[in-house]
Amino acid sequence: MDYEEILKTMSRWMEAYKPICDKDDSPLFQLEPPATEEEISAVEKQINRRLPDSLRTFFLCHARYLKLDACFSDDFLEKLPPAIYSLFSAFLELSLDDLPLLNESCQEAIHVCLVEPEHPSAA
């Protein structure tokens, strides 16, 4: 599936979603054009490792940035039983530019949580 096809599919989904959505103040869906090999290589150099092939493919073929914020309006949610009220939302954000900071946080967690940070399981 190429970038244009994904964008068309997500645009159709967003049009169908609008009537039950109450969030006009921020975009529910953002998709930036794919990254270049040079941009991905620069991030890999920053984090001192190659990205997994599936993540490289996503950034190269689909988008360098994806944000999807899915929730229902308060009017709709008020009709739901309280026990499942919080189940009807989602947030996804994936950004090539954020990977160095995420990697740094991950490395810090490894050193705090693992007795042997150099153990193969730390990778």
Side-chain angles (χ1 to χ4, degrees):
M1 184 178 289
D2 66 19
Y3 174 73
E4 291 300 321
E5 188 177 339
I6 289 172
L7 187 56
K8 286 177 188 175
T9 299
M10 293 305 292
S11 294
R12 285 192 305 269
W13 182 83
M14 290 308 299
E15 286 300 316
Y17 182 69
K18 274 184 186 178
I20 57 172
C21 180
D22 192 38
K23 292 189 94 172
D24 295 328
D25 57 333
S26 70
L28 296 171
F29 175 69
Q30 291 175 279
L31 187 66
E32 292 182 4
T36 64
E37 181 64 47
E38 293 77 21
E39 291 170 322
I40 292 173
S41 294
V43 167
E44 290 174 331
K45 186 175 182 180
Q46 280 183 285
I47 65 173
N48 294 320
R49 67 175 30 124
R50 181 177 165 83
L51 296 177
D53 288 341
S54 58
L55 194 54
R56 289 182 115 263
T57 298
F58 175 82
F59 287 130
L60 278 172
C61 299
H62 304 298
R64 67 172 289 111
Y65 176 79
L66 168 68
K67 176 187 170 192
L68 177 62
D69 191 355
C71 62
F72 292 112
S73 70
D74 288 338
D75 291 342
F76 178 81
L77 290 173
E78 288 171 2
K79 297 173 188 171
L80 298 174
I84 62 171
Y85 182 94
S86 65
L87 299 176
F88 288 88
S89 66
F91 181 78
L92 169 69
E93 187 171 21
L94 184 58
S95 171
L96 179 65
D97 296 333
D98 290 345
L99 289 182
L101 183 58
L102 291 172
N103 183 67
E104 184 179 314
S105 297
C106 180
Q107 295 305 312
E108 287 175 18
I110 287 170
H111 289 287
V112 169
C113 297
L114 296 177
V115 177
E116 299 178 59
E118 303 307 317
H119 190 274
S121 64

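- For the salt bridge (charged side-chain N to carboxylate O under 4.0 Å, His left out) test, no residue two or more places apart in sequence or in another chain qualifies with E93.
- Atom CD in E32 sits 11.0 Å away from atom CZ in F59 (nearest 0.5 Å).
- When all heavy atoms of A35 and L96 are compared, the closest pair comes out as CB-CD2, 3.6 Å.
- Taking both residues in full, the closest heavy atoms of R49 and N103 are given as NH1-OD1, 3.4 Å, listed atom of the first, atom of the second, then distance.
- L66 and L102 fall within a single hydrophobic cluster, where Ile, Leu, Val, Met, Phe, Trp and Tyr are joined by side-chain heavy atoms under 4.5 Å apart, directly or via other members.
- L92 is not connected to L101 by any chain of hydrophobic side-chain contacts under 4.5 Å among Ile, Leu, Val, Met, Phe, Trp and Tyr, and they are in different clusters.
- Closest approach of L94 to L55, counting heavy atoms only: CD2-CD1, 4.1 Å.
- The nearest pair of heavy atoms linking S95 to Y65 is CB-CD1, 3.4 Å.
- Here the closest non-hydrogen pair linking P34 and H62 is CG-O, 3.7 Å.
- One distance of note links OG of S41 with CZ of R50; it measures 8.0 Å at 0.5 Å rounding.
- The two residues R56 and I40 make their nearest non-hydrogen contact at NH2-CG2, 3.6 Å.
- A search for salt bridge (charged side-chain N to carboxylate O under 4.0 Å, His left out) contacts involving E39 returns R64, not counting sequence neighbours.
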